[in-house]
Undergrad: 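What follows is a single structure, and I will ask about it in a moment.
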Amino acid sequence: MSNEAKIYLQQLNDVQRQAVTAMDGPVLVVAGPGSGKTRVLTYRVAHLIEEGVPPWEILALTFTNKAAREMKERIQQVVGPRADSVWAGTFHSIFARILRVEAAHLGYPSNFTIYDTDDSSSVLRAIIKEMNLSPEAYNVNAVRARISSAKSNLITPALYAKDQDLMQQDLLSKRPHLQQIYEKYVARCKRAGAMDFDDLLYRMFELLHTNPAGVREKYQQRFRYVMVDEFQDTNHLQYEIVKKLVIYDNSPRNICVVGDDAQSIYAFRGATIQNILDFEQDFQKHGIRVYKLEQNYRSTSHIVQAANEVIVNNRRQIPKSIWSHKGEGERIRVQKALSDTEEGKRIVDAILEQKNRHHLHNRDIAILYRTNAQSRIFEEYLRRYNIPYRVFGGLSFYQRKEVKDLLAYFRIAVNAKDEEALRRIINLPKRGIGNSTVEKISLQADAQNLPMWDLLPKLPFPARTRNAIDGFVHLIERFQQQAATTSAYQAAIFIAKQSGLVDALKSDTTVEGMGRVENINSLLDGIKEFVENQADGEPGTDTSLAAYIQSISLLTDQDEQAQTEDYITLMSVHSAKGLEFPSVFVVGMEEKLFPSFMAMETPEGMDEERRLFYVAITRAESFLTLSYATSRYRYGQMRYNEPSRFLSEIELNHVEMSGGMGSTLMPGMEPDFDRRPAERARSGVQGNFKQKTANNQLMADPKTFKPSPSDQIQTGMKVLHLKFGEGKVLSIDGARDNRVATIFFKDSDAPERRIMLKFAKLQIL
DNA sequence: CTGCACATGTTTTTT
DNA sequence: ACATGTGCAG
């Protein structure tokens, strides 16, 4: 079939199509918000398959299960059931799958446990306590972050000890023993047969690096085409793994990464846009092709332009100009409230009005906030007005205490070495094995470097404790037996009953207590469903409790299925990434909240907050409302905050003060964001990552640059662009305000650009 | 070992 | 405000 005959290729614009059909060699796609990034990725996979690449040789890595699932579904729509053989999944889930197969090479059991963040913290707390270190100096979260960042930068405990900088930093921050904690932590995870989230990446790297039994070549050959979504969110370690898979002798280097530096909002957990820059560098000599998706199909131009005006204030970015041809649309509304409560009321009033006037469904509307704690007030008013809503984020189902407790029993039935599970349930329900006993076992485990479980029968205890421990060991052995021989559901029911957990919960007849029993029931229902779904599949599928544990340990609430009902979405800006809504309310636009006070100290922090705001506003298709309150309760105290500086970065011609608030807003008391004219670099971009492109390029001099009236620009003309330099107009389409020129910039890295004449600053030469 | 009072530290989040 | 963890008395 020729490319012309492929229907899916006709659904793409020029740049998108180029990115999709650039099959071999390295490809970087820089994709602005709403530019059809997902479409490019999925069609690219579909195209590879159509061109004869076996689907099982394609690896597509994403960050969320949801993104992976959506990608698979959409590939399926184009190529049918062949899509099932594509390796599409999150970094963590794909690597966990591989690691279970190769575990023996790393000295791990294939049924290793995956420790979540709580488990990691708890291991660290125990270590800090046992080392008699002060919990204040060794704040668990800080320690965990530091260890995580070491792992993400390929620094083992041994390398850490040799790293003068790191050791010095620890001395200065009064944590001289951090390296030892790190070392102990790694040893404990190992002996517990457990990997934390970073290990799933680190051990994968280790596997490819040390290359036991030629596994590296095995996976290099298996994954002949590799794709990475949201590349700006990858950390150093993830990129190193990708390189291991893709770079080798005679490698075709079929790697395609897609990302947007402006939407990088996870630097706080190690993501670095340096990867995008390194990628260009690392693959330069292998004929990298760079495509920039700059047309935004999602939002009206008031919104797109506001977004551009905001992001331009960041220091470093990959130059690009996002544009929309959806028309101006509505202006952005800015609402002021005198308190957080009033903000809640105003927003819900505005939602009612908007629903009426524009016939919106609830599902068309989202309220986005910086911190999850802000949801409460909106919930109150939405409930009062009887508007259905759903809060995303916060505590996940699998993080609830009672659920974790029962899961801990499951975990230990599958992997008895799992020490976090053991600690959690050894005295739950109370069976007379208290802290001092657990401490004793833990200390011995450390001394002998054996799992705590192995020591239970061996250590000497007073008779009463001995009895209790024997009873516990016997109980767990029965559970192990069940887990090994029956289906996940049967084993789960057995454990829930025999452990006494459910009975203990049932005796609590308070509302919360009943809720907990309810949660246990839905957990059990979920397991039943799991078993049935597995049984539906091919014969020989695994319905064991071990398989169930593995299937959920990388799941979160966000992965829950389907929006069939009509509700308003409440979520943090972070969770909103990748989503879009006709109408978006970004609330709490105040200094110290958005931008967060935690990030205001450093320029990097501020830039990340700004990118976050960029993500927030670019979620909106047609209506965008920004709201702030001059006072709000925080940590139990009333705080007074200025409106967010980000508001002042939007040009006033995109903005409309909310009607109805005139009464509270006296003349001369205008919100102060319009007093601060934003300092903005022309229409272009400040500071520029890529000096090298600027080198031999005829750059426009801002002092002498005089843009010509856009209606004078015609096909064939030579023009000068502030950012892209000299170019030739290849063609023009559209009419009047919507004229779009395709211009060839000879020195640009993506030479052919489509530029909206209405906004472009071009000088006729 | 258990239960209760007090202290503490609060972004964002996927895996 | 609030949840979670720790210290101390019984």
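Below, read A as the first sequence line, B as the second, and so on, with proteins coming before strands; counting in each chain starts at 1.
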Undergrad: Anything under 3.5 Å between a protein N or O and an N or O of nucleotides 5-10 of chain C, put it in a table, one pair a line.
TA:
none

Undergrad: Starting from P on C/dT4, measure out to CZ on A/R424 and report it in whole angstrom.
TA: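 Going from CZ in A/R424 over to P in C/dT4 covers 11 Å.
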
Undergrad: Answer yes or no: is there a side-chain heavy-atom contact under 4.5 Å between A/M452 and A/S442?
TA: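 They are in contact (side-chain heavy atoms under 4.5 Å apart), so the answer is yes.
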
Undergrad: Show me the protein contacts with nucleotides 7-11 of chain B, counting only N or O atoms at under 3.5 Å.
TA:
residue: B/dT11; atom: O2; partner: A/R370; partner atom: NH1; Å: 3.2
residue: B/dT11; atom: O2; partner: A/R370; partner atom: NH2; Å: 3.1
residue: B/dT11; atom: O2; partner: A/S596; partner atom: OG; Å: 3.2

Undergrad: Select base, sugar-phosphate, or nothing to describe what A/S553 touches, counting heavy atoms under 4.0 Å on all strands.
TA: nothing

Undergrad: Between A/K401 and A/R376, which is nearer to the 5' end of DNA chain C once each is assigned its nearest nucleotide?
TA: A/R376

Undergrad: How many whole angstroms separate atom CZ of A/R464 from atom P of B/dC1?
TA: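 Spelled out: CZ on A/R464 to P on B/dC1 is 9 Å.
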
Undergrad: If you draw a 6.0 Å radius around NZ in A/K592, do more than 12 non-hydrogen atoms from other residues or ligands fall strictly inside?
TA: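 Count not over threshold, so no.
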
Undergrad: Ignoring the backbone of A/T90, work out which of B/dT12, B/dT15, B/dC1 is nearest its side chain.
TA: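 Closest of the options to the side chain of A/T90: B/dT15.
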
Undergrad: Which atoms of nucleotides 2-6 of chain B (N or O only) lie under 3.5 Å from a protein N or O atom, and what are those distances?
TA:
residue: B/dT2; atom: OP2; partner: A/N427; partner atom: ND2; Å: 2.8

Undergrad: Can you tell if the side chain of A/K440 reaches within under 4.5 Å of the side chain of A/T465, non-hydrogen atoms only?
TA: no

Undergrad: Check the distance between B/dT15's C1' and A/I147's CD1 and give it to me in whole angstrom.
TA: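 My rounded result for the distance is 18 Å.
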
Undergrad: Rounded to whole angstrom units, what separation is found between the CG atom of A/L201 and the P atom of B/dT14?
TA: 16 Å

Undergrad: Given that A/T437 and A/I265 both sit by DNA chain B, which one's nearest nucleotide is further toward the 5' end?
TA: A/T437

Undergrad: Please check this pair: side chain of A/R411 against backbone of A/L422, looking for a donor-acceptor N/O pair closer than 3.5 Å.
TA: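 Looks like no, no N/O pair under 3.5 Å.
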
Undergrad: I'd like to know if A/T117 reaches the base of B/dT15 with its side chain, counting only an N/O donor and acceptor under 3.5 Å.
TA: yes

Undergrad: Does any part of the side chain of A/R516, heavy atoms only, come nearer than 4.5 Å to the side chain of A/K401, both counted from C-beta?
TA: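 The answer is no, as the side chains (C-beta and beyond) never meet within the 4.5 Å cut-off.
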
Undergrad: Quick check: do A/Y219 and A/E102 have side-chain heavy atoms less than 4.5 Å from each other?
TA: yes

Undergrad: Taking donor-acceptor contacts at under 3.5 Å, does the side chain of A/R269 reach the base of B/dT14?
TA: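 Between B/dT14 and A/R269, which were checked side chain against base, a qualifying N/O pair under 3.5 Å is present.
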
Undergrad: Are OP1 or OP2 of B/dT13 and a side-chain N or O of A/S572 less than 4.0 angstrom apart?
TA: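 Indeed, a polar side-chain atom of A/S572 lies that close.
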
Undergrad: Going by the rule ring pair (Phe, Tyr, Trp, His ring centres under 6.0 Å), which residues pair with A/F231 if we only count those two or more places apart in sequence or in a different chain?
TA: A/Y239, A/F279

Undergrad: So do the side chains of A/M589 and A/F613 get within less than 4.5 Å of each other, counting heavy atoms only?
TA: yes

Undergrad: Suppose we screen for salt bridge (Lys or Arg N to Asp or Glu O under 4.0 Å). Which residues come up paired with A/R466, at least two apart in sequence or across chains?
TA: A/D470

Undergrad: Please identify each residue that fulfils ring pair (Phe, Tyr, Trp, His ring centres under 6.0 Å) with A/H236, with sequence neighbours left out.
TA: none

Undergrad: Please determine if a side-chain N or O atom of A/S575 lies less than 4.0 Å away from the OP1 or OP2 oxygen of B/dT12.
TA: no

Undergrad: Could you check if a side-chain atom of A/L626 sits within less than 4.5 angstrom of a side-chain atom of A/I617, using non-hydrogen atoms only?
TA: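 Answer yes - side chains close enough.
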
Undergrad: Spell out, as yes or no, whether a donor-acceptor pair under 3.5 Å connects the side chain of A/S110 to the backbone of A/V101.
TA: no

